[in-house]
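Working notes, structure below.
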Amino acid sequence: MSTSTVASVVAGRPLPRERTAGTRTSCNPARLADAVAEVELADAAGFAAACTAAAAGQRAWADTPAPVRGRTIAAAGRLVEANAERLAGLVTREIGKPYAEALGEVREIVDTCDFFLGEGRRLYGQTVPSEMPDKQLLTFREPVGVVAVVTAGNFPVAVPAWYIVPALLCGNAVVWKPAEYAAASAAALYELLSRAGLPEGVLNIVHADGEQTFAGLEKALAEGTVDKIGFTGSSEVGVRIGELAGRHLQSPCLELGGKNPLVVAPDADLDLAVEGALFSGFGSAGQRCTSLGSVIVHESVAEEFLRRFTAAVDAAVVGDPTGPVLYGPLLDRRFADRFEEYLGWIRPHHTLHGTGRPGRITAENPRAGFAGDAQAGLYYHPVVVSGVRPDDRIFREETFGPLVGVTTYREFDEAVELANAPGYGLSAAVYTNDARTAFTFRRRVRAGMISVNNSTSGAEAHLPFGGNGRSGNGSRQSGIWVLDQFTRWQSMNWDYSGRLQKAQMDTAETVADLDYRLPG
C-alpha cells in the first residue's frame, strides 16, 4: 500500500516549512511494516498562527445566516456518506479498528451532520416578558469565536466531528489538532469537510505533538485568538488543559477517560450480560473511553457469570481487523507499552481466567483461533481478572486495553459504592429485570451516561455525551446540549416607553388584599 504525506493546512494552504518541527510515521498497527503516512508536525508558533488565521475568518462565517451554515453541514454529511467505505477502510488500516466498527464510526459523522442540519434553523433565543411596560427582553445565541479542538485517535473521525460540526454550525472557526498516529484518517476527514463550502480559514487542521500543541495553545490564549478549547484524551492531560484554560477565564469542553462499571444484579439475564460485557470490555481492544473497566457481579451469580464470560472471551475471534473479529491490534506502540505496564498491576491475590497468558500474542504465546499474522502487529491477549479489590490499581485506574476486572457484591448499596469508588463518571451499566433496581442505580451512580441491559459503550448523535469527576468537567457533546459549549447567551432589552425605566425600582405592581378570609 502507498504511503501518503500529511501536512497541516491553515486558511486553505499548507503550513510553511519554517513552522514545522520534524516528522512522524503513522504505521498500521496490524502490520507494522505498513507505513500509512509521513506526517509533518507543526511547532507551537505554527499552531498559534492557525488560530490567528481562524480568528480572521470567523466573523464573516458568523455573519452567514445559520440556516445556510446548516446546509453546509448537510453537504459535509453527504460527502462523508458518499466516501464512507473508503474513509472506514483508512481508519481500519491506520488504527486497526475492525472494519465493521470503523464503518459505524463513519456513520456517526453522517448522523451528526443530519442532526445539526436542522439546528441551523433552531438556534433559538427567547422573548422574555419584562417587569415594566413598553419594554421587550430578548436572548440570542452568539458564537464563541475560535474553537481549538484536540482529539485522541481511538475514534479518529467520529469524535472530532462531535466538536467540529456543531462548532461550525454555531458560527465558529475551528483549529483541529488530531492524534499524530491517526493523521491520515484526520486528513481525509478534513478534505471532505473542507469541500462542503466552508470559507478559507474557517476550518484548519494542525498536526503537532502534545507539547508543541500545549505551547501553541498557551501562545494563542495569550494573544486572544482562542475562545474555547475542546479536548478528548486522558484525565491527566485534561487537568493540564483545564488549568491552562482557567488562567484565561475559559471553561473548556473536556471529554476524558473512564473506569466504567457494569453491575450484574442477581435477577439479570446472564447471557445478555455476558454479551454486553464482551462487547464493551473487548470491542476495539478495550480502547474506548467508554470501555468496560470492572464487572461488579452479585455473589449469588458470580461463579456462573465468570464461567460464561470466560467461555465467551475464549471463543471470541481476535486478529486482522479487515475480517470479522471482536478486536484487532492496539492503536500504536505507545499504547502497547502502556498496556504492558497495566498488566504489571495484576497481583498475587488476583485470579486470571481463560486459556491465554496475558501479554502480546506471539508464536511463543499463541492464541487459539487467531485470525491473521500475529507477529506482524500489536496484538494482545484479552485478560479477565477476578478477585479485584477496591484498593487495587487495576480497579481504581483506567486500563486502556483488553483487560476487564471482576469483583463481587452482596447488597445493592455496596454495588453502587463500588461503581462510584474510582472517581470517574463517564458511563455505567446495570443488568437487571427490576425497574426499582434500574432507576435507583440511575439516580445514585455518578456517571453522565447510564445503560440498562446494554453495554457501557454506544452513543447516539442526539443524546448528550460526557462525564463527571475524573471523566470530565460536566460539559456535554452531541444533541442540543453541545450548543451551550459553542455559543454564549446574549441578552438584550429594548425600552420603547420614551422614558428611563429602572429595573427593580420602576416595576408595575398590583394590590392584593391578603387579610381577606372566607366568612363563616
Side-chain angles (χ1 to χ4, degrees), residues 234-236 238-239 256-265 273-274 276-278 280-282 285-307 309-310 313 330 335-354 356-360 380-431 441 444-447 455-457 467-471:
S234 71
S235 299
E236 292 76 16
V239 168
L256 310 176
K259 189 66 178 178
N260 308 294
L262 186 151
V263 171
V264 182
V274 164
L278 183 69
S280 56
F282 298 109
Q287 298 169 115
R288 310 181 186 113
C289 56
T290 55
S291 288
L292 168 61
S294 299
V295 178
I296 304 168
V297 58
H298 192 269
E299 61 183 16
S300 66
V301 294
E303 183 177 345
E304 181 61 17
F305 173 84
L306 263 171
R307 185 187 69 78
F309 187 41
T310 300
V313 173
L330 296 193
F335 293 100
D337 292 343
R338 195 173 302 165
F339 187 65
E340 297 273 4
E341 293 180 25
Y342 301 148
L343 293 177
W345 297 352
I346 298 173
R347 313 312 303 162
H349 64 267
H350 295 145
T351 301
L352 291 167
H353 298 265
R357 298 198 318 271
R360 191 167 176 178
Y380 277 76
H381 285 276
V383 180
V384 178
V385 182
S386 68
V388 173
R389 301 171 182 170
D391 59 347
D392 289 336
R393 289 194 74 181
I394 212 167
F395 178 82
R396 304 196 70 87
E397 301 292 334
E398 182 178 29
T399 50
F400 199 70
L403 189 158
V404 171
V406 181
T407 190
T408 61
Y409 74 96
R410 180 172 297 174
E411 301 294 336
F412 183 70
D413 285 352
E414 183 186 2
V416 170
E417 184 177 341
L418 288 168
N420 288 327
Y424 292 88
L426 184 56
S427 179
V430 61
Y431 278 78
F441 184 83
R444 294 178 57 190
V445 171
R446 296 190 294 270
S455 77
T456 58
S457 296
N468 311 312
R470 296 171 70 187
S471 293

Which atoms form the tightest heavy-atom contact between [X] and [Y], and what is the distance?
X	Y	value
Val388	Gly405	CG2-CA, 3.9 Å
Ala447	Asn468	C-ND2, 3.8 Å
Leu426	Gly467	CD1-N, 3.7 Å
Ser234	Leu256	O-CD2, 3.6 Å
Ser235	Gly257	OG-N, 3.6 Å
Gly354	Thr310	N-CG2, 3.5 Å

Going by heavy atoms in the side chains, are [X] and [Y] under 4.5 Å from each other?
X	Y	answer
Val263	Leu418	no
His350	Asp392	yes
Phe305	Val274	yes
Leu352	Val384	no

Handout entry: Residue list, side-chain hydrogen bond (donor to acceptor under 3.5 Å, both in side chains) with Arg444, at least two apart or on another chain
Key =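 With neighbours one apart ignored, the set is Asp413.
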
Fill in the blank from the handout: Residues at least two apart in sequence or cross-chain that pass side-chain hydrogen bond (donor to acceptor under 3.5 Å, both in side chains) with Asn420, listed by chain then number, are none

Supply the atom-to-atom distance [X] [atom1] to [Y] [atom2], rounded to the nearest 0.5 angstrom.
X	Y	atom1	atom2	result
Cys289	Glu398	SG	CD	8.0 Å
Thr408	Glu414	OG1	CD	7.0 Å
Tyr409	His298	OH	NE2	5.5 Å
Tyr342	Leu403	OH	CG	10.5 Å

Handout entry: Sequence neighbours excluded, every pair satisfying ring pair (Phe, Tyr, Trp, His ring centres under 6.0 Å) that has a member inside residues 381-402
Key = Phe335-Phe400

Problem - Partner residues of Glu397 under the salt bridge (Lys or Arg N to Asp or Glu O under 4.0 Å) criterion, sequence neighbours left out - result: Arg470

Fill in the blank from the handout: Across all chains, not counting sequence neighbours, the salt bridge (Lys or Arg N to Asp or Glu O under 4.0 Å) partners of Arg307 are Glu304

Practice task
With sequence neighbours left out, write down each residue that passes side chain to side chain contact (heavy atoms under 4.5 Å, CB included) with Ser280, or none if nothing qualifies.
Solution key: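 Scan of Ser280 (side chain to side chain contact (heavy atoms under 4.5 Å, CB included), adjacent residues dropped) gives Leu262, Leu292, Ser455, Thr456, Ser457.
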
Handout entry: Residue Glu299 excluded, over 12 heavy atoms near CD under 6.0 Å
Key =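 Yes.
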
Exercise for the section: List the steps, then state whether side chain to side chain contact (heavy atoms under 4.5 Å, CB included) holds for Thr407 with Arg389. Expected result: CA-CA 7 Å; Thr407 190; Arg389 301 171 182 170; over 6 Å; no

Treating [X] as the side-chain partner and [Y] as the backbone partner, does any N or O pair qualify as donor plus acceptor under 3.5 Å?
X	Y	value
Arg347	Gly344	yes
Asn260	Ala429	no
Arg396	Asp391	no

Practice task
Among Val313, Ile346, Val404, find the one that has a side-chain contact (heavy atoms from CB on, under 4.5 Å) with Val383.
Solution key: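 With Val383 as partner, side-chain contact (heavy atoms from CB on, under 4.5 Å) holds for just one option, Ile346.
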
Practice task
Apply side chain to side chain contact (heavy atoms under 4.5 Å, CB included) to Val295 and Tyr431, showing your working.
Solution key: CA-CA 11 Å; Val295 178; Tyr431 278 78; over 6 Å; no

Problem - Distance-only polar pair, side chains of Glu340 and Tyr380, donor-acceptor under 3.5 Å - result: yes

Exercise for the section: Would you kindly say whether Lys259 and Ser471 are connected by a side-chain donor-acceptor distance under 3.5 Å? Expected result: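 No, because no side-chain N or O of Lys259 sits under 3.5 Å from a partner of the opposite role on Ser471.
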
